[in-house]
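Below is one structure, written out as structure tokens; comments come after it.
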Amino acid sequence: MTRVGLVLGAGGVVGQAYHAGVLAVLEHDLGFDPRSADLIVGTSAGAITGTLLRLGVRAEDLAAWTVKAPLSGDGDVLRQIADTEVPDLAPFRPTELLRRPLRLPAMGMVHRAVTRPWRFRPLAAAMALVAPGRRDIGEQLAALRELEQPGWPQAPLWICAVHRHDGRRVVFGRPGSPTPPIHLAVAASCAVPGYFAPVHIDGHTYVDGGVHSPTNAALLRGSELDLAIVVSPMSGPAGASLSVYAAARRHSARLLRREVQALEAAGIRTVVFAPGAAEQEVMGDDMMARHRLDEVIQQSFLAAGAHAARPGVGELIRTAAGGR
């Protein structure tokens, strides 16, 4: 039996739409049901998508729900929250975050930098030190709380966040790690520094898991998987643009390349879906914008289908789907 891990990366509201388009290709064209993944790793937007998959939501319903289209006969989970009012989000402008003041690092962060420099990421630490945002991510996830079931999902779901005190990554749901109420874990994973307020869980404060890595794909090492499918809305070629958003894409792409190399070195075959120029043009530079989500889903569906048609990509996923 082929064991498959599914990695769903960060990317805001637009990233969720990108997930929906790619996952629809996996389900519809390649015969792989994303809900059946042996392990799902979700970061930020990917934490929301991964949780919905673990609640039984089909990929085609993720796409339909995103654009307010009719749901399938299996869409009862989303039908419960389809009419829930979600507050509009202000535009996300990375340059505004760069102008926000930084708080002084806590002793825990200094200690970690000195004692474990090989695990310390200066950029991640800097993002954790950004002054807190004032928006409440909980308001955006109120509908998810309505769907919450007692305990953690039975099928493996790992949700990534960053401990604001020392900048280290925390993986909720991983064996030996905390398993708070799922809506709180997702909220922590989505708490973009400087935009959303940090999330408090059991006396600790957390920010977006994308601060450590937009995908955290290397977590799949040691999980006895045969194939990793990585959906990374924040990666992809950034061209010659000098914008902050393009720089963020380049940084994300560099991290993802290293993570893929680590997975391949561990014997895990890896397929990556990341937006190319056409998808990026539709996605724009505001990852919280909702006005073009239908176009994002359509373009990501077409581009993912073309990528899956490449030699060795679709066959790999179809073989994994057939061996399950």
Side-chain angles (χ1 to χ4, degrees), residues 1-11 15 18-43 45-47 49-54 56-60 62-63 153-160 171 173-175 209 213-236 252-276 300-301 303-324:
M1 180 176 178
T2 303
R3 289 180 53 82
V4 181
L6 178 63
V7 176
L8 300 167
Y18 182 80
H19 290 152
V22 174
L23 295 178
V25 168
L26 297 181
E27 181 181 78
H28 184 268
D29 291 0
L30 301 179
F32 175 76
D33 187 346
R35 298 173 298 180
S36 72
D38 296 278
L39 170 61
I40 296 178
V41 174
T43 300
T49 302
T51 298
L52 290 174
L53 290 174
R54 285 307 193 216
V57 176
R58 293 183 59 183
E60 69 173 54
L62 281 174
Q154 183 175 4
L157 171 66
W158 296 358
I159 294 177
C160 302
V171 186
R174 183 168 63 172
S213 164
T215 60
N216 293 288
L219 284 172
L220 295 184
R221 290 178 301 176
S223 298
E224 299 182 349
L225 298 169
D226 304 296
L227 173 66
I229 301 173
V230 182
V231 186
S232 181
M234 292 186 68
S235 301
S252 175
R254 283 194 297 270
L255 287 179
L256 181 56
R257 281 194 296 270
R258 293 206 295 264
E259 291 171 335
V260 169
Q261 289 170 359
L263 293 178
E264 296 280 0
I268 302 174
R269 301 287 298 276
T270 306
V271 174
V272 174
F273 291 89
S300 61
F301 181 86
H307 181 59
R310 296 176 59 186
V313 177
E315 292 89 340
L316 192 60
I317 298 175
R318 286 193 183 93
T319 300
R324 299 179 63 73

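In this chain, residues are counted from 1 in sequence order.
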- Task: Over all heavy atoms of both residues, which pair between Leu263 and Ala218 is shortest? Give the atoms and the distance, please.
- Result: CD2-CA, 4.2 Å
- Task: Verify side-chain contact (heavy atoms from CB on, under 4.5 Å) between Leu220 and Val41, making sure each step is shown before the conclusion.
- Result: CA-CA 8 Å; Leu220 295 184; Val41 174; 3.7 Å; yes
- Query: Less than 4.5 Å apart, any side-chain heavy atom of Thr51 and any of Pro153?
  - Reply: no
- Message: Please list all pairs meeting side chain to side chain donor-acceptor pair (under 3.5 Å) that have one or both residues in residues 260-273, counting only residues at least two apart or in different chains.
- Response: none
- Item | N/O donor-acceptor pair under 3.5 Å between His19 side chain and Ala10 backbone | no
- Query: Which atom names give the shortest non-hydrogen contact between Val57 and Arg35, and what distance separates them?
  - Reply: O-CD, 3.2 Å
- Query: Does Pro156 reach the side chain of Arg54, with side-chain heavy atoms less than 4.5 Å apart?
  - Reply: yes
- Query: Once you round to the nearest 0.5 Å, how far does CG of Leu225 lie from CD1 of Ile268?
  - Reply: 5.0 Å
- Message: Looking at every heavy atom in both Ala321 and Gly31, which two are closest together, and how far apart are they?
- Response: CB-O, 3.3 Å
- Message: Between Leu53 and Leu8, is there a side-chain heavy-atom distance shorter than 4.5 Å?
- Response: yes
- Are the side chains of Thr43 and Ser213 in touch, meaning some heavy atoms are under 4.5 Å apart? no
- Query: Between Ile159 and Ala47, which heavy-atom pair has the shortest distance, and what is it?
  - Reply: CG2-CB, 3.8 Å
- Query: Taking the side chain as C-beta and beyond, is there a heavy-atom pair between Leu26 and Phe273 under 4.5 Å?
  - Reply: yes
- Note on the structure: Sorted by chain and residue number, the side chain to side chain donor-acceptor pair (under 3.5 Å) partners of Glu27 (sequence neighbours excluded) come out as none
- Task: Check whether any side-chain heavy atom of His307 lies under 4.5 Å from a side-chain heavy atom of Val25, and answer yes or no.
- Result: no
- Query: Gly209 and Asn216: which non-hydrogen atoms are nearest, and at how many Å?
  - Reply: O-ND2, 3.5 Å
- Task: Please tell me if the side chains of Thr49 and Tyr18 come closer than 4.5 Å, counting only heavy atoms from C-beta onward.
- Result: no
All N/O donor-acceptor pairs, side-chain side in residues 226-234, below 3.5 Å, sequence neighbours left out:
from, atom 1, to, atom 2, distance (Å)
Asp226, OD2, Arg3, N, 2.7
Ser232, OG, Ser235, OG, 2.6

